[in-house]
There are 2 protein chains.
Amino acid sequence: MNPSVLVVEDDVALCDLLSWNLSAEGYDVRSTGDGEEALVMVREQAPDAIILDWMIEQVPGIEVCRQLRKDKETARIPIVMLTARGEEEDRIRGLKTGADDYVTKPFSPRELMARIEALLRRSRPVLAGDNLLFGDIELDPTSHRVRRDGESLHLGPTEFKMLRYFMERPNRVLSRQQILDGVWGMDSDIDERTVDVHIRRLRKAINRAGDPDPIRTVRAAGYSMDAN
Amino acid sequence: MNPSVLVVEDDVALCDLLSWNLSAEGYDVRSTGDGEEALVMVREQAPDAIILDWMIEQVPGIEVCRQLRKDKETARIPIVMLTARGEEEDRIRGLKTGADDYVTKPFSPRELMARIEALLRRSRPVLAGDNLLFGDIELDPTSHRVRRDGESLHLGPTEFKMLRYFMERPNRVLSRQQILDGVWGMDSDIDERTVDVHIRRLRKAINRAGDPDPIRTVRAAGYSMDAN
DNA sequence: CCTGTGATGACAGTTCAGTGACAGTTTGAT
DNA sequence: ATCAAACTGTCACTGAACTGTCATCACAGG
């Protein structure tokens, strides 16, 4: 699930350039040159970020921005304003209206990409690698939450730490001793077999009927989290 | 309780200019010209945003940025990089390192103010006017008033501060120590379990029969305010 | 068919958060 | 100044969740 960006720009050449660059970076891109249509498109399917030209048809960019900010559903979508108007006044007005960034033409596409990325990093931690992802399993260390396929799961403290330990080291076989050291701490004198038990508890917690088991048992070696 | 900004800038004149401007806008400002000291100051008391010069003594700005991003406690503080280096490469590097914005000298103080404001607006939780919003709970810091689903609730002083602390940091697990530091102040020698009691009082105050409890207990970690 | 290793269910002990009570303190009204 | 109501921090207790271990079962590999 790639982050999606809506490009609102009526200069067709520039619009294509941006779309192409964004696609190359792995974003899902939609675009329009019309302010009115932009609002409809956002309402239809909210993008993760918007690049918005100041001077567009129908509705001026700054008005689009205002509209988006007014509606609770769309108020938090990051917006980069794009414009030829380099005057300080305009920039400040854009930012005060709710734009998150303001880039003046001519601009470097790569810098714009970096700015979009920075914005997404902030507004969608899930996409920015703040969260650990493994297949359909998602672990958010900040909120101490684990989801599979979007559904929230309940894990005890030890299972949580264990899952995190695995997800930070995917596709590697981890010995019971390594797991003990990593999860319980170097100086624990816990029986190695105890790891087995917690593996079972972890499996029970994350596997719903039908789901493949992401934890592979490696006989005489340990366990590994991998795509089977 | 004004938002606080840390200015890291070794050009004293510029540093003063920024500090003055920020103070005039109502920010609490601290400043230093030294990268090493900046890190200490942040750890001591985390500011709401940081203005960071690229070229400073001891530790280069970009390194300070990296350090801050590495530590979970400080990873989410908005950073504006400030620099004389206008090259595209530098800008991109700054943004990729974790800076949220990148402003090139010479710059307009007012624009910088607007950018800071935009960043804070984003890093803050949902606002409705000046009120904090979380689901159907609404907290007005100025009038010290809390509503749920429109209905006014009564909270004691401590519960109010606690709720605010949570609503300013939604979707994060907060340890009892963090809560003590944030609500009671850094230098209180209050028993951690006291937090439990106030959590209970807060819950009792905000939850009417049928409402979902917005405060989630995270065993062995703390509490978190989030959906579900 | 053995053997060794992992899986499983049960269990007792431990930890941890929720709860009601309470005494001391603060606050605000009179 | 006085008093009642509201608020605060602590405690003891309880029940639920969690943990580590063990005995036993299942099974893959030789």
Side-chain angles (χ1 to χ4, degrees), chain A residues 144-146 152-166 173-207 209 211-226 228, chain B residues 144-146 152-166 173-207 209 212-226:
Chain A
H144 255 250
R145 215 173 241 291
V146 180
S152 197
L153 306 175
H154 177 77
L155 272 64
T158 310
E159 284 118 70
F160 182 83
K161 276 190 280 185
M162 237 172 97
L163 180 60
R164 172 149 87 179
Y165 188 72
F166 273 107
V173 176
L174 302 163
S175 72
R176 293 184 171 71
Q177 193 55 55
Q178 281 177 306
I179 296 171
L180 279 178
D181 290 347
V183 175
W184 276 261
M186 290 297 193
D187 50 353
S188 66
D189 56 346
I190 307 258
D191 192 305
E192 284 205 350
R193 306 264 102 229
T194 301
V195 174
D196 297 24
V197 179
H198 279 280
I199 286 282
R200 179 171 64 87
R201 287 170 181 158
L202 178 55
R203 278 175 169 153
K204 186 184 285 190
I206 62 178
N207 295 329
D211 294 336
D213 184 359
I215 299 172
R216 181 168 56 104
T217 305
V218 182
R219 207 178 162 82
Y223 298 92
S224 155
M225 190 159 189
D226 50 27
N228 281 318
Chain B
H144 257 244
R145 200 171 266 282
V146 180
S152 195
L153 305 174
H154 176 75
L155 271 64
T158 310
E159 284 109 74
F160 181 83
K161 276 190 281 184
M162 231 169 105
L163 181 60
R164 172 150 96 179
Y165 188 72
F166 273 107
V173 173
L174 302 164
S175 71
R176 294 185 171 72
Q177 192 55 57
Q178 282 177 310
I179 295 170
L180 280 178
D181 289 348
V183 176
W184 276 262
M186 290 296 194
D187 49 353
S188 66
D189 56 345
I190 307 256
D191 187 44
E192 284 205 349
R193 308 309 313 291
T194 301
V195 174
D196 297 25
V197 178
H198 280 279
I199 286 281
R200 180 169 64 89
R201 288 169 181 158
L202 178 56
R203 277 175 169 152
K204 188 183 286 189
I206 62 179
N207 294 329
D213 185 358
I215 299 171
R216 179 171 55 110
T217 304
V218 182
R219 194 167 234 265
Y223 297 92
S224 153
M225 189 158 190
D226 49 26

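What you see is a predicted model, and the numbers here were worked out from it, not measured in a lab. Every chain is numbered from 1, with letters handed out A, B, ... down the list of sequences.
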Which residues pass the side chain to side chain donor-acceptor pair (under 3.5 Å) test with A:Thr217, not counting sequence neighbours?
A:Arg203

B:Tyr223: what forms a ring-ring contact (aromatic ring centres under 6.0 Å, His included) with it, not counting sequence neighbours?
none

Can you name the residues that form a salt bridge (charged side-chain N to carboxylate O under 4.0 Å, His left out) with B:Asp191, not counting sequence neighbours?
none

Spell out protein contact along nucleotides 8-18 of chain D as letters: B when the base is contacted, S when just the sugar-phosphate is, - when no protein heavy atom is under 4.0 Å; keep the 5' to 3' order.
BBBB----BSS

Looking only at heavy atoms, which two atoms of A:Leu180 and A:Ile190 are closest? And how far apart?
CD1-O, 3.5 Å

Any side-chain N or O of B:Arg176 under 4.0 Å from OP1/OP2 of C:dC16?
no

Got a sec, which residues hit salt bridge (charged side-chain N to carboxylate O under 4.0 Å, His left out) with B:Arg176, two or more places apart in sequence or on another chain?
B:Asp196

What residues, two or more places apart in sequence or in another chain, satisfy side chain to side chain donor-acceptor pair (under 3.5 Å) together with B:Arg145?
B:Ser152

In chain order, what residues pass the ring-ring contact (aromatic ring centres under 6.0 Å, His included) check against B:Phe166, with sequence neighbours excluded?
none

NE2 of B:His144 to CZ of B:Arg164: how many Å apart, nearest 0.5 Å?
6.0 Å

Specify the separation, in whole Å, of atom CZ of B:Arg200 and atom P of C:dC22.
13 Å

Please confirm whether the shortest side-chain N or O distance from A:Thr217 to OP1 or OP2 of C:dA7 is below 4.0 Å.
yes

Restricting to side chain to side chain donor-acceptor pair (under 3.5 Å), what partner residues turn up for A:Ser224, sequence neighbours left out?
A:Asp226

Pick the nucleotide of DNA chain C nearest each of B:Asp196 and A:Asp196; which residue has the one closer to the 5' end?
A:Asp196

Listed once per pair and sorted, the ring pair (Phe, Tyr, Trp, His ring centres under 6.0 Å) pairs that draw on residues 179-203 of chain B, sequence neighbours left out
B:Trp184-B:His198

Please tabulate the protein-to-nucleotide N/O contacts below 3.5 Å involving nucleotides 23-27 of chain C, giving atom names and distances.
none

Using side chain to side chain donor-acceptor pair (under 3.5 Å) as the criterion, list what pairs up with A:Gln177, not counting sequence neighbours.
A:Asp181

Hey, does the side-chain of B:Arg203 have a donor or acceptor N/O within less than 3.5 Å of a partner on the base of C:dG18?
no

Compute the bend angle of the helix from C:dC1-D:dG30 to C:dT30-D:dA1 from the end axes (five pairs per end), rounded to 10°.
40°

Rounded distance in Å - CG (B:Leu202) to C1' (D:dC7):
15 Å

Pick base, sugar-phosphate or nothing for B:Tyr223, based on heavy-atom distances below 4.0 Å to the nucleic acid.
sugar-phosphate

Whole angstroms only, please: what is the NZ-P distance between A:Lys204 and C:dA7?
14 Å

